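Presented below is the structure to which this report refers.
In this text, all values refer to a predicted model and were calculated from it rather than measured experimentally.
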Amino acid sequence: TQLLEQSPQFLSIQEGENLTVYCNSSSVFSSLQWYRQEPGEGPVLLVTVVTGGEVKKLKRLTFQFGDARKDSSLHITAAQPGDTGLYLCAGPLLYNFNKFYFGSGTKLNVKP
Amino acid sequence: ETGVTQTPRHLVMGMTNKKSLKCEQHLGHNAMYWYKQSAKKPLELMFVYSLEERVENNSVPSRFSPECPNSSHLFLHLHTLQPEDSALYLCASSQDQSGQMNTEAFFGQGTRLTVV
């Protein structure tokens, strides 16, 4: 069983649409990171959320950390083809800072 | 450019070969990781080194042998691999700060390994 469950697994949308990706766990995390990965490349860090209830914005991307630090969401407004990729959430469990657990990822395809 | 460099980017090896993957980080971090990413599977943590000591070995077969000679370099030595070991091998680093909640991992571009 995955410690971090991501949904949906696949998402194919038209340019300009909005979408939300979810990352859920029954465990408490010290922090959660969101990464974007393109085929054949390593994941690239987008953001880190640390405080329960925290909301961070990165241009058209909005990241939220759940109050209990067990879940997170990524919302993309007006998606563009450049947003296409595999979105991964990850993080270390509380007080276990050097072991990062990864979700299985959400594969996003934004069609022009 | 994430500050973590992996070589080679691509590697094809036979099942009787011995090869090594190299990772170098220029971020001044004190923890380094090897991950395996297979098709249709989530990233699997293989090894963790913190302050050059191995702190995690996630039930990885002995045909994979990590080495961390200093805090900037990490190797993964490979021998007698199987075709199912073909995958993208990713190295990452982080600054392990006990008590700090915002530890972040930075990844290299990976080595695409094919075992034939």
- Query: Are there more than 12 heavy atoms of other residues, nucleotides or ligands under 6.0 Å from atom NZ of Lys19(B)?
  - Reply: no

- Query: Who wins among Gly103(A), Gly91(A), Ser104(A), Gly105(A) for the most heavy-atom pairs under 4.5 Å with chain B?
  - Reply: Ser104(A)

- Message: Taking Gln64(A)'s backbone N and O only, do any of them form a donor-acceptor pair with Ser72(A)'s side chain (distance below 3.5 Å, no angle check)?
- Response: yes

- Query: Is it true that Glu41(A) and Arg9(B) make a salt bridge, defined as a side-chain N closer than 4.0 Å to a carboxylate O?
  - Reply: yes

- Message: Parallel, tilted or perpendicular, judged at 30° and 60°: which one describes the rings of Phe63(A) and Trp34(A)?
- Response: tilted

- Check whether Leu86(A) gets within reach of chain B through its side chain, its backbone, both or neither, counting any heavy atom under 4.5 Å. side chain

- Query: Where on Leu88(A) is there a heavy atom nearer than 4.5 Å to chain B: the side chain, the backbone, both, or neither?
  - Reply: side chain

- Message: If we ignore hydrogens and angles and just use 3.5 Å, is the side chain of Thr111(B) paired with the main-chain N or O of His10(B) as donor and acceptor?
- Response: no

- What part of Gln37(A) lies closer than 4.5 angstrom to a heavy atom of chain B: side chain, backbone, both or neither? side chain

- Query: Which region of Gln37(B), side chain (C-beta onward) or backbone (N, CA, C, O), has a non-hydrogen atom less than 4.5 Å from a non-hydrogen atom of chain A, or is it both or neither?
  - Reply: side chain

